[in-house]
Amino acid sequence: MLAAVSSAVLTGVEGHPVTVEVHVGTGLPSFAIVGLPDASCRESRDRVRAAVTSCRVQWPSRRITVNLAPSGLRKAGAGLDLAIAVGILAAAEEIPAGSWRDTGFLGELGLDGSVRPVAGTLCLVDAVDQPAVVVADRVASEAALLGRHRVRSVPHLAALVAALRGDGPWPDPPVDRRADPVSIPMPDLAEVRGHELGRRALEVSAAGGHHLLMVGPPGAGKTLLAERLGGLLPDLHPSEALEVTRIHSAAAERDSFAGLVRRPPTRAPHHSASQVALIGGGSQHLRPGEVSLAHRGVLFLDELGEFPATVLDALRTPLEDGVVRIARAELRTTLPARFLLVGAMNPCPCGAAGGPGSCRCSPAQLARYGRRLSGPFLDRFDVRIQLLPPDPALLVDGAPGEATASVAARVAQARARSADRGVEANAALDAPGVDRHAPLDHAAARLAEGALRSGRLSARGYRRVRCVALTLADLDGVDPPIGVEHLAEALVLRTAGVAGDRSAA
Amino acid sequence: MTRNDDDQRRLDALVVMASLEGITPARLRTLATLGDPTAVVDRLARRRLHHGALPRGAVEQWAGQAVDLRRRSLVDEYRAAGVQVVEVAADPRWGAALATLEDPPVVLFCRGEVTALEHRRVAVVGTRAATAYGREVAGSLGRDLAGEGVAVVSGLAKGIDAAAHRGAMVAHHGDGGSAGPPVAVVANGLDIGYPADSRRLQVDIGRCGLLLSEHPLGRRPAPWQFLARNRIIAALAEVVVVVESHERGGALSTAERAAAAGRTVMAVPGPVRSAASAGANALLADGAEVCRHAHDVFVALGLTTSAAAAAADAAVGAPGDLSSTGRVVLDALGWEPATLDQLVLRSALPLATVAVAVEELLSCGAVATSGGFYERAAP
Ligand SMILES: [Zn+2]
């Protein structure tokens, strides 16, 4: 007998439909899986056999051939277990013909027959064309996010067999305590005292999508500020939320799925993390890295100078194109990775807390430190600020700062103005776009000319400064031309540097 | 054989000794005490030289090097490269200039005007990690001292040294003949441009002042060589002025050597909270003389100078035509580097207003910026 059961496998964040064809025929008892399964997928044989046996169903002692189609697609992982088991039971006529036809099956099997969730369930469900899917209990709500399928969840293969035979009802979906997630309190800008420049930099960065570099000694409040950038970004649109959730689903360890991602994520990987963990890839399972998990959110790289040069180099494609490209012999795919980059670092190895004159580093140390970050990489940061620990008096009795909610309202207003220009945020404006949308008034033009002539500003920097000035004007609700106040503020938001770096701002 | 040939061969031998790998000023002095240099090199080359103060392994290696080196006429090669070789003990002018040194260099390599030794000499030294304040004071000291015919001696390092040299160059270009020539003592071979930032300056000083080193051509800088260099600066100068120095900065070693040799040590006072002035302020607390401007140095040298020089050093004021917010922000800045946050806090003005004021101050030159810090500069 022959049966063909629908399922799907994951490549990066893409689900691909897979048909599991099972033939049970005469001949010496055997069990083979063909159709480009990888090692983990081939292990299905042992799991499926143990799981079926544990359901008190007779294992067909015949010649069993499982073909995974299309055969050109490499199949990794254990997510096809459930479909293979259903296919064998169907081909052996243990379950009624037709009971399984309109359904996709996604799940891994335990030796005891328990059905376990698969990473990337959301992406996999999306690849299922049938009107119904069967998944493990824990991912039922995730599978339902798309709203396209009748979602059924089973804790155990035996329960699935009973339901397909009509011996019992479909199990009730488990009560999902995460369905209405308690909103985790986000750090608020009101808690930040002092740091006028830092607060303004966050606001500009959020409003204009400008990458932000914070330079300062340990304890200057770089992390404090970076943690509050995500809170200023607008909610994700429903389509963006689904897109981001798919990435998080694909990267999820089994239990970490926490519902639809409605807010822009913030990721803060440590500099010791591997390149695969940061950028994505991996030899066994292709996994989204931190840059993809930060998609449509914030990627915070603390101690920027400590990240290996190869990792920073690998950030170039995502920073330019908003994606990570994976190209291998049998696999070519892209992972979304459009994020707001926030870098933080010490001005030099000794920290030089007091600015010029306080540094005790040797020239060789400084030169080595400056070489770690290339000029073109630093060029990505439109906003570069120098931070010092705020005056202790401010921490004790300074007034609380403006709250996240009211700053976020201005950010939303500024983003609306960018949208009128046809871009999501001003940072996406190209050179002609900046020239068209950010003309300078007379006084501002004179200021810019002075800065250019004195060498404080490079030609490339000049365009980016006008772009930031446009964002400042948007935040104040002022139409171009750019006035001297906004240009001056954009200039001071671009002054921090790193010791040993010779590129002009 | 003429007397000149003899001299030349003697100098050649000294350059051979100075060029040996791993040679130090002390080892070179030891070699020079072993007899006539030509004979010493000969014994070295024939492995007939033994001395307790010289490591056996080094002497072994030197034998081969001496064989190679003495085939060349090194003094001619140096002359072709524009470098003069001086045997210090044999030259009365240099002997006098370096008389206070217990450990004088055996040979000196120079490029430029040896007439610099006929001028009064003042060293202006300090930290590489200088503030705009320090660089500005060092620059005007260099300019005003040189303007009165004083040879300004320093070490060509980044920061204070370079600023002092540059100031002296300004005076030199300003009034042709009468200005004091700049003198730079470097810690590497004269053909090595170090530090890279000062390469241009190094060339200029070799052209219109005096460039000195006790190291042969090709020798790269090493940490111990900087300290050894400081002793030459201390000996050459009648007065050593420390402009800015950190708590244990290298400029303090120059000051110590100078004090030990009975030279006048002066220091420029700085803000008590500025790390870059900690060493200079400590010198003042220990009894160094106060240097506020070139006039203080002229007094220490016993020079009477034109009133104009003293007037030129009057305290730097704010430029005349600043906006009212520009003036407020300049006052908030004071004389220490400050971040924009500090300026906002001290001036109690909104960020955008401070930003405009800062840009005004930058464009009129009253303020300089580096790495996100703002510093007061001379207008
Ligand atoms: Zn440092």
Side-chain angles (χ1 to χ4, degrees), chain A residues 194-200 214-216 220-221 347-348 350 352-363 366-367 384-388 390-391 393-394 398 443 446-451 453-454 456 472 476 483-499 501 505, chain B residues 126-135 157-160 194-197 221 223 226 244-249 270-271 273-278 336-346 349-360 362-365 368-375:
Chain A
H195 280 313
E196 283 293 323
L197 189 66
R199 301 172 60 92
R200 192 67 165 153
M214 294 185 280
V215 179
C348 64
C350 80
S358 65
C359 171
R360 303 306 318 270
C361 304
S362 72
L366 289 178
R384 308 167 196 178
I385 55 166
Q386 174 75 44
L387 294 172
L388 283 186
D391 192 319
L394 278 181
R446 272 187 38 210
L447 174 59
E449 201 184 304
R453 191 164 293 156
S454 69
R456 281 189 290 125
L472 286 161
D476 286 350
V484 72
E485 286 213 347
H486 290 136
L487 187 71
E489 217 181 327
L491 280 167
V492 301
L493 282 168
R494 197 186 167 82
T495 45
V498 179
D501 168 43
Chain B
T127 179
R128 292 186 310 253
T131 66
Y133 162 73
R135 287 193 303 272
K158 256 172 90 162
I160 300 298
Y194 182 89
D197 298 342
F226 292 106
E244 270 186 325
S245 173
H246 290 85
E247 224 175 330
R248 280 180 288 278
R273 296 193 201 293
S274 166
S277 278
E336 276 181 80
T339 62
L340 206 72
D341 273 334
Q342 289 170 322
L343 295 180
V344 169
L345 192 63
R346 292 180 201 159
L349 292 170
L351 181 62
T353 312
V354 173
V356 173
V358 159
E359 289 303 325
E360 176 193 352
L362 284 168
S363 62
C364 74
T369 178
S370 73
F373 284 87
Y374 299 90
E375 298 176 87

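Because the structure is a prediction, the values reported are computed rather than measured. Per chain, numbering begins at 1; letters A, B, ... match sequence-line order.
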So which atom in Glu196(A) and which in Asp341(B) form the shortest heavy-atom distance, rounded to 0.1 Å? N-OD1, 3.1 Å

Name the option with the most non-hydrogen atom pairs under 4.5 Å to chain A; the candidates are Ala352(B), Ser277(B), Ala275(B). Ala352(B)

Choice from Leu362(B), Val354(B), Val344(B) maximising heavy atom contacts with chain A below 4.5 Å: Leu362(B)

What part of Tyr133(B) gets within 4.5 angstrom of chain A, counting heavy atoms only: side chain, backbone, both, or neither? neither

Proximity breakdown for Thr369(B) and chain A, heavy-atom pairs closer than 4.5 Å: side chain

Minimum side-chain heavy-atom gap Phe373(B)-Thr495(A) below 4.5 Å: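 In short, these two side chains do not touch, never coming nearer than 4.5 Å.
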
Side chain / backbone / both / neither for Leu447(A) at chain B, heavy atoms under 4.5 Å: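 For Leu447(A), side-chain heavy atoms alone lie under 4.5 Å from chain B.
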
Counting only non-hydrogen atoms closer than 4.5 Å, does His486(A) touch chain B with its backbone (N, CA, C, O), its side chain (CB onward), both, or neither? neither

Results of salt bridge (Lys or Arg N to Asp or Glu O under 4.0 Å) for Glu244(B) - residues two or more places apart only: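 Expected list: none.
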
Consider side chain to side chain contact (heavy atoms under 4.5 Å, CB included). Of Val492(A), Leu387(A), Leu388(A), which one does Leu340(B) pass it with?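 Result for side chain to side chain contact (heavy atoms under 4.5 Å, CB included) with Leu340(B): Val492(A).
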
If we check side chain to side chain contact (heavy atoms under 4.5 Å, CB included) with Leu351(B), which of these qualifies: Arg199(A), Glu489(A), Glu485(A)? Glu489(A)

Set of residues satisfying side-chain contact (heavy atoms from CB on, under 4.5 Å) with respect to Ala338(B), sequence neighbours excluded: Leu333(B), Gln342(B), Leu343(B), Arg346(B)

salt_bridge(Arg456(A), Glu359(B)) N-O dist < 4.0 Å: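 Salt bridge present between Arg456(A) and Glu359(B).
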
